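What follows is a set of notes on a single structure, which appears directly below.
For clarity, every value in this text was computed on a predicted model and none was experimentally measured. As a basis for the values below, the full set of heavy atoms in this structure was taken, side chains included, without hydrogen atoms, waters or symmetry mates. Each chain gets a letter, A, B and so on, in the order its sequence line appears, and its residues count up from 1.
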There are 2 protein chains.
Amino acid sequence: MDKKLATIIFESLASGIRLDIFRLLVKTGTQGLVAGEIAASLQLPPTNLSFHLKALTQSQLLTVEQEGRYQRYRANMPLMQDLILYMTQECCFGHPEQCFDINSTPQSDN
Amino acid sequence: MDKKLATIIFESLASGIRLDIFRLLVKTGTQGLVAGEIAASLQLPPTNLSFHLKALTQSQLLTVEQEGRYQRYRANMPLMQDLILYMTQECCFGHPEQCFDINSTPQSDN
DNA sequence: GCAACTATACAACAATAATTGAACTATTGA
DNA sequence: TCAATAGTTCAATTATTGTTGTATAGTTGC
């Protein structure tokens, strides 16, 4: 997880609709949902849903698999776990001494 | 932490500049930085920096304290910790059985 | 008081993101 | 083959966000 990917993921989650989609798919776990089920659940017009699903898939937060004429989406749990780890490290929880030592030499991953 | 606040925080972090500001302030810990120091460090014009500082402060990710003619900004670590907790809970890490049981009755906090 | 300094507020503009309907591709089932 | 279904792509529009210069408010030191 680097800053670039983290920013892309934050952008993905920075929309109420996309956060709803992600949380819905977290709930359904490995089963996931096909696009039409998501649209029905969240009452979204298909083009708009497609727009947000594309953003989430491009950020790798969702995976998509074709099932006949359907597209099945699933939440990418490991990536979210990576993001949580990144945020934890960035915020130095568990290593507060690094947070509060201004003289430490932080790594640059810009 | 509810969905609304989480979305606002994600929006706050969904900008390379704002993520840079936050990470910079995490590094300086309780000391924080005054606006001019942030501007110098990130080479941002003051009006643009003000714009992003305002967004970060409104999302509560930063605190601000007046020091004479200066404004000192600090990262709000506890809020970030709350967000990490929220994400962990949402993603059911530590409780994977809830993630993968489609019949569980999830709470609604929309 | 007043000049210098720090930072924000405002207004204009630029750039990006979100939404929608129509058209299109692919798949299914008859 | 063909009509129906699922979903995306495209183009146009709207809405939102980001950037910049200028003006302003507050603070300091002389």
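Here CG of B:N76 is found 9.0 Å from OG of B:S59. Values are rounded to the nearest 0.5 Å. Considering CZ of B:F51 and CD1 of B:I17, their distance stands at 9.5 Å, rounded to 0.5 Å.
Across the protein-nucleic acid pair, A:L56 atom CG and D:dT8 atom C1' stand 16 Å apart, rounded to whole Å. Separating the CZ atom of B:R72 from the P atom of D:dT27 is a distance of 17 Å, rounded to the nearest angstrom. Per the geometry, CD1 belonging to B:I38 stands 11 Å off C1' belonging to C:dA7, to the nearest Å. A straight line from CD1 of A:I8 to C1' of C:dT16 spans 15 Å, rounded to a whole angstrom. For the pair A:E37 CD and D:dA6 P, the interatomic distance rounds to 11 Å; values are reported in whole Å. Straight-line distance from the CG atom of A:L53 to the C1' atom of C:dA18: 14 Å, rounded to whole Å. As rounded to whole Å, 8 Å separates atom C1' of D:dT27 from atom CD of B:Q66. Spacing between atom CG of A:L33 and atom P of D:dA6 amounts to 15 Å, rounded to whole angstrom units.
Comparing D:dA4, D:dT27, D:dG7 by their nearest atom to the side chain of A:Q71 picks out D:dG7. Picking from C:dA7, D:dG7, C:dT27 the nucleotide with the shortest atom distance to the side chain of A:S50 gives D:dG7.
Heavy-atom distances to DNA chain D give each of A:R69 and A:K54 a nearest nucleotide, and the one nearer the 5′ end belongs to A:R69.
The minimum heavy-atom distance linking B:L79 with B:Q60 is given by the pair CD2-O, 3.3 Å. Listed here is the closest heavy atom pair of B:L19 and A:A6: CD2-CB, 4.5 Å.
Look at A:Y73 and you won't find any side-chain N or O under 4.0 angstrom from OP1 or OP2 of D:dA6.
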Q) Going through the distances and angles, do A:D2 and A:Y86 end up as a side chain to side chain contact (heavy atoms under 4.5 Å, CB included)? A) CA-CA 8 Å; A:D2 60 2; A:Y86 171 80; over 6 Å; no

Q: Step by step, work out the side chain to side chain contact (heavy atoms under 4.5 Å, CB included) result for B:L13 and A:T7.
A: CA-CA 7 Å; B:L13 296 172; A:T7 305; over 6 Å; no

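Between A:E65 and A:R72 there is no salt bridge, since no side-chain N of the basic residue sits under 4.0 Å from a carboxylate O of the acidic one.
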Tabulate atom names and distances for all N/O pairs under 3.5 angstrom spanning the protein and nucleotides 16-20 of chain D.
{"unit_1": "D:dG18", "atom_1": "OP1", "unit_2": "B:R18", "atom_2": "NH1", "d": "3.2"}
{"unit_1": "D:dG18", "atom_1": "OP1", "unit_2": "B:R18", "atom_2": "NH2", "d": "3.1"}
{"unit_1": "D:dG18", "atom_1": "OP2", "unit_2": "B:R18", "atom_2": "NH1", "d": "3.4"}
{"unit_1": "D:dT19", "atom_1": "OP2", "unit_2": "B:N48", "atom_2": "OD1", "d": "3.2"}
{"unit_1": "D:dT19", "atom_1": "OP2", "unit_2": "B:H52", "atom_2": "NE2", "d": "2.6"}

